[in-house]
Amino acid sequence: MFHWLEKRPFFFAVGVFLVIAFAGLIEIIPDFAQASRPVVGTKPYTVLQLAGRHVYIKDSCNACHSQLIRPFKSETDRYGPYSLSGEYAYDRPFLWGSKRTGPDLMRVGEYRTTDWHENHMWEPSSVVPGSIMPAYKHMFTQNADIETAYAEALTVKKVFNVPYDKPGMPKLGEWEEAKKQAMEEARKIASEMKNQDVKDAVANGEIPEIVALIAYLNSLR
Amino acid sequence: MNWLSDNINLLALIAAVVIVVLTVLVAGKYIKQMKTDRSTGELAKENWDGIGEYKNELPSGWAYTFLGAMIWGLWYFAIGYPVNGYSQIGEYNEEVAVHTKMFESKWANADRQTLQEMGEGIYLVQCAPCHGIAGDGMDAKAADLTVWGSAAGVLDTIKNGSKGLGYPMGEMPAGLLDGDSAKRVASYVANGMKGEKPAEFAACAGCHGVDGKGMGGMAPDLTKYGTPSFVADVLNRGKKGYIGTMVSFKGRLTPIQEKAVGTYILSLSRGE
């Protein structure tokens with residue numbers, strides 16, 4: 001039998017795959033469908049939060065920050081309850097990350113605030129002496145890409161049935177509506193900020209990246 | 001030079017000598033064998049571009065180990081893993097339960113010094129990014145804890161008012177008293193409302209009650225001002241005040257930890 005396999009590389013490869021995949025299949029498959037359902041209370045991101053998420057990805061925050069709290073006492077003490085698969089149901093892609101140069105951010109919305117993020121993103125060492133996190137001053141002048149965020153939200157709504165516009169879920173609606181709503185959220189955040197340029201920009205109907213990013217960070221709970 | 005008097009060095013040296021000797025002997029044996037040996041045994045039928053393979057029997061030690069591993073594997077797939085129902089979360093829950101029990105019995109009656117040290121550790125991780133390592137609020141980015149909780153802190157509150165703790169009474173207006181009368185009330189409140197009550201406290205009694213206890217939860221209980229239990233109250237409520245937003249720590253610290261961090265931050269303003 002093994003001689004037969006040895007002479008047929010294709011079937012040999014299939015056999016190897018089955019043997020290696022077996023443990024994975026038996027451990028992952030039975031639980032997978034259940035565990036990847038959204039946890040009660042998990043909501044899709046609003047357009048402004050999605051735009052902030054794009055900033056997060058664009059500036060590679062996930063190179064230094066994870067978003068996955070493992071079930072160890074040392075982690076839950078510091079970052080809050082451990083993560084559940086269902087909490088990532090609306091994350092496309094998820095941002096688990098694989099490296100913690102800085103702390104985990106899975107629930108940073110629970111213990112940091114708009115005004116703190118404003119100081120920290122402008123100059124991290126102004127609040128955490130000796131911080132090696134880079135400053136992100138450009139976010140205070142560049143505008144966030146709300147159009148792309150809307151396009152993404154609309155796409156996942158249509159293709160994956162993400163429950164926008166359902167009762168108790170964020171509203172999406174038409175582009176004009178969505179834009180108005182994003183502006184409104186942005187104004188709320190800007191009202192808690194101190195940077196005058198940002199306040200002026202928001203008053204003029206623009207949304208600087210920092211506002212979208214803070215909306216996203218505040219939504220991480 | 002007496003580096004050989006160290007056991008570890010001596011053992012390492014002996015081991016190195018043994019390894020060298022063994023390597024030379026074994027390598028020598030096989031090199032000699034390669035020079036003289038002729039291949040024996042039956043060839044398998046297959047032949048890959050002129051390369052053949054002997055049909056050697058598997059050594060029995062190997063074979064039994066392999067069989068044993070297979071049996072264990074089947075047991076594990078069918079019974080060991082699914083029936084025992086190991087889960088990481090279960091292990092986590094057990095670990096946390098054990099830790100919590102130990103933590104609580106170990107520190108239930110911790111003295112001030114211990115609480116203060118524990119509190120400093122918690123403070124540096126959880127609070128310092130906002131309040132600063134020294135607790136000074138870093139240029140008014142957060143409450144100045146070197147003042148809050150002392151008579152000067154009460155004076156500050158009387159001067160500037162206070163809002164955002166979410167009491168039914170709502171906000172406390174600024175400037176209810178000034179000058180010496182404010183100072184007298186401040187030091188009276190900061191000392192736990194013991195001693196003679198200054199007449200000016202009447203300005204506060206309307207909301208905090210004549211006894212200062214907050215009229216059953218309508219306003220903060222001033223008799224607790226400057227104690228860890230007042231801090232614990234702030235931690236549970238959070239505060240959206242004139243300075244900024246203090247997040248709520250509800251459920252994130254145990255009662256002992258709240259007491260510890262309260263003891264620590266109050267030591268900052270009271271100069272202890």
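In what follows, chains are A, B, ... by sequence order, proteins preceding strands, each numbered from 1.
How far CZ of B:R252 is from CD of A:E110: 7.0 Å, rounded to the nearest 0.5 Å. Taking CG of A:D77 as the reference point, atom CD of B:Q126 lies at 8.5 Å (rounded to 0.5 Å). Between atom CD of residue B:E91 and atom CZ of residue A:F72 there is a gap of 8.5 Å, rounded to the nearest 0.5 Å. Interatomic distance, OH of A:Y111 versus CE of B:M246, reported as 14.5 Å (0.5 Å rounding). In this structure, the separation between NE2 on B:H99 and NZ on A:K73 is 5.0 Å, given to the nearest 0.5 Å.
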* To do: Output, in order, the C-alpha distance, side-chain angles, deciding distance and verdict of side-chain contact (heavy atoms from CB on, under 4.5 Å) for B:W48 and A:K7.
  => CA-CA 10 Å; B:W48 287 274; A:K7 284 188 280 184; 4.2 Å; yes

* **Residue pair A:T114, B:T245: steps toward the side-chain contact (heavy atoms from CB on, under 4.5 Å) verdict** => CA-CA 8 Å; A:T114 301; B:T245 309; over 6 Å; no

* **Audit row: A:N119, B:K141, side-chain contact (heavy atoms from CB on, under 4.5 Å) steps and yes/no** => CA-CA 9 Å; A:N119 292 326; B:K141 291 191 182 78; 3.2 Å; yes

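A:E192 touches chain B through its side chain: at least one heavy atom from C-beta onward sits under 4.5 Å away, while N, CA, C and O do not. Looking at B:E53, only its side chain comes within 4.5 Å of chain A, counting heavy atoms on both sides. Heavy atoms closer than 4.5 Å to chain A are found nowhere in B:L253, neither backbone nor side chain. Interface remark: B:K250 contributes no atoms to any contact with chain A (heavy atom separation under 4.5 Å). Heavy atoms closer than 4.5 Å to chain B are found in both the backbone and the side chain of A:R78. Contacts between A:P129 and chain B at a heavy-atom distance below 4.5 Å involve the side chain alone, from C-beta outward.
By the neighbour-count criterion of 12 heavy atoms within 6.0 Å, atom NZ of A:K43 is sparsely surrounded, having that number or fewer from other residues, nucleotides or ligands. Within 6.0 Å of CG on A:L18 lie more than 12 heavy atoms contributed by other residues, nucleotides or ligands. Counting heavy-atom neighbours within 6.0 Å of B:N109 CG, excluding the residue itself, gives a total of 12 or less. At most 12 non-hydrogen atoms from other residues, nucleotides or ligands lie less than 6.0 angstrom from CG of B:D139. Within 6.0 Å of OH on B:Y64 lie no more than 12 heavy atoms contributed by other residues, nucleotides or ligands. Counting heavy-atom neighbours within 6.0 Å of B:M70 CE, excluding the residue itself, gives a total of 12 or less. No more than 12 heavy-atom neighbours from other residues, nucleotides or ligands sit within 6.0 angstrom of CZ on A:F12. Taking a 6.0 Å sphere around NZ of A:K180, one finds it holds 12 or fewer heavy atoms contributed by other residues, nucleotides or ligands.
Remark: side-chain polar atoms of A:W116 are not paired, donor with acceptor, to backbone N or O of B:A142 under 3.5 angstrom.
Shortest non-hydrogen contact noted between B:M138 and A:S126 is SD-O, 3.9 Å.
Aromatic rings of B:Y92 and A:Y82 (six-membered ring for Trp) have centroids within the 6.0 Å cut-off, being under it.
Chain A forms more heavy-atom pairs under 4.5 Å with one residue of B:I133, B:V125, B:I89 than with any other, namely B:I89. Heavy-atom pairs under 4.5 Å with chain A peak, among B:C130, B:G238, B:A128, at B:C130.
Residues A:R112 and B:P129 have side chains in contact (heavy-atom distance under 4.5 Å, counting atoms from C-beta outward).
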